[in-house]
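One structure below.
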Amino acid sequence: QVQLVESGGGLVQAGGSLRLSCAASGSSVLINTMGWVRQAPGKQRELVAVITYGGTTNYADSVKGRFALSRDNAKNAVYLQLNSLKPEDTAVYYCVAARLPKTAPRATYDYWGQGTQVTVSS
């Protein structure tokens, strides 16, 4: 089994920055893809950014140029740098992982973290 533990998040003003971290433990050797999905109140979950073990990435159009995803395979961890934050980025951000390479926007994931709140004030 795999556990995903998130850290980071919080309250920030528009234009500010945050950094989210996620570390996998347990049978993390099973993981290929890691990344983040978010859900805003009253909206469907949406992919934010994911990265495969080989380094292939996919970002939502709404965050391209503002968010940056990186991965440390040795630590089984991913890091999401959120810059130029907007109020519409307010959501619960979930760390996700999959056993296979998955970068499609509507991909399903095998493992989920508990979620961390990001709130951007205007």
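Reckoned from all heavy atoms, side chains included, excluding hydrogens, waters and symmetry mates. Bear in mind the structure is a predicted one, so any value in this text is a computation, not a measurement.
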Determine which pairs satisfy salt bridge (charged side-chain N to carboxylate O under 4.0 Å, His left out) with at least one residue from [range], sequence neighbours left out, and list them in order.
range            : result
residues 111-122 : none
residues 102-122 : Arg99-Asp110
residues 48-60   : none

How many angstroms lie between atom [atom1] of [X] and atom [atom2] of [Y], to the nearest 0.5 angstrom?
X      : Y      : atom1 : atom2 : value
Thr103 : Ile51  : OG1   : CD1   : 11.0 Å
Glu6   : Trp112 : CD    : CH2   : 10.0 Å
Leu100 : Ile31  : CG    : CD1   : 12.0 Å
Leu69  : Gln81  : CG    : CD    : 11.0 Å
Gln13  : Ser122 : CD    : OG    : 9.5 Å

Residues forming a salt bridge (Lys or Arg N to Asp or Glu O under 4.0 Å) with [X], sequence neighbours excluded:
X     : answer
Lys64 : Asp61
Asp72 : none
Arg19 : none

Heavy-atom closest pair, residues [X] and [Y]:
X      : Y      : result
Val78  : Cys95  : CG2-SG, 4.3 Å
Leu80  : Ala49  : CD1-CB, 4.3 Å
Tyr109 : Ala104 : OH-O, 4.1 Å

Is there a chain of hydrophobic side chains (I, L, V, M, F, W, Y, each step under 4.5 Å between heavy atoms) that links [X] to [Y]?
X     : Y     : answer
Leu47 : Val92 : yes
Val63 : Val12 : yes
Val48 : Val50 : no
Leu18 : Val37 : no

Does the side chain of [Y] come within less than 4.5 Å of [X]'s, by heavy atoms?
X     : Y      : value
Ser25 : Asn76  : no
Arg71 : Thr57  : no
Leu20 : Thr116 : yes

Exactly one of Thr52, Asn73, Leu4 should register a side-chain contact (heavy atoms from CB on, under 4.5 Å) with Met34. Which one does?
Leu4
Hydrophobic cluster partners of Val5 (side-chain heavy atoms under 4.5 Å):
none
Contacts of Ser70 that satisfy side-chain contact (heavy atoms from CB on, under 4.5 Å) - sequence neighbours left out
Tyr79
Could you tell me whether the side chains of Asn83 and Ser17 share a donor-acceptor contact shorter than 3.5 Å?
yes
Got a sec, which residues hit side-chain hydrogen bond (donor to acceptor under 3.5 Å, both in side chains) with Ser84, two or more places apart in sequence or on another chain?
none
Who are the side-chain hydrogen bond (donor to acceptor under 3.5 Å, both in side chains) partners of Ser121, not counting sequence neighbours?
none
Listing request: all side chain to side chain donor-acceptor pair (under 3.5 Å) pairs with a residue in residues 87-96, at least two apart in sequence or in separate chains.
Arg38-Asp89, Arg38-Tyr93, Arg66-Asp89
Sorted by first residue and then second, give each ring-ring contact (aromatic ring centres under 6.0 Å, His included) pair with at least one member in residues 35-78; sequence neighbours left out.
none
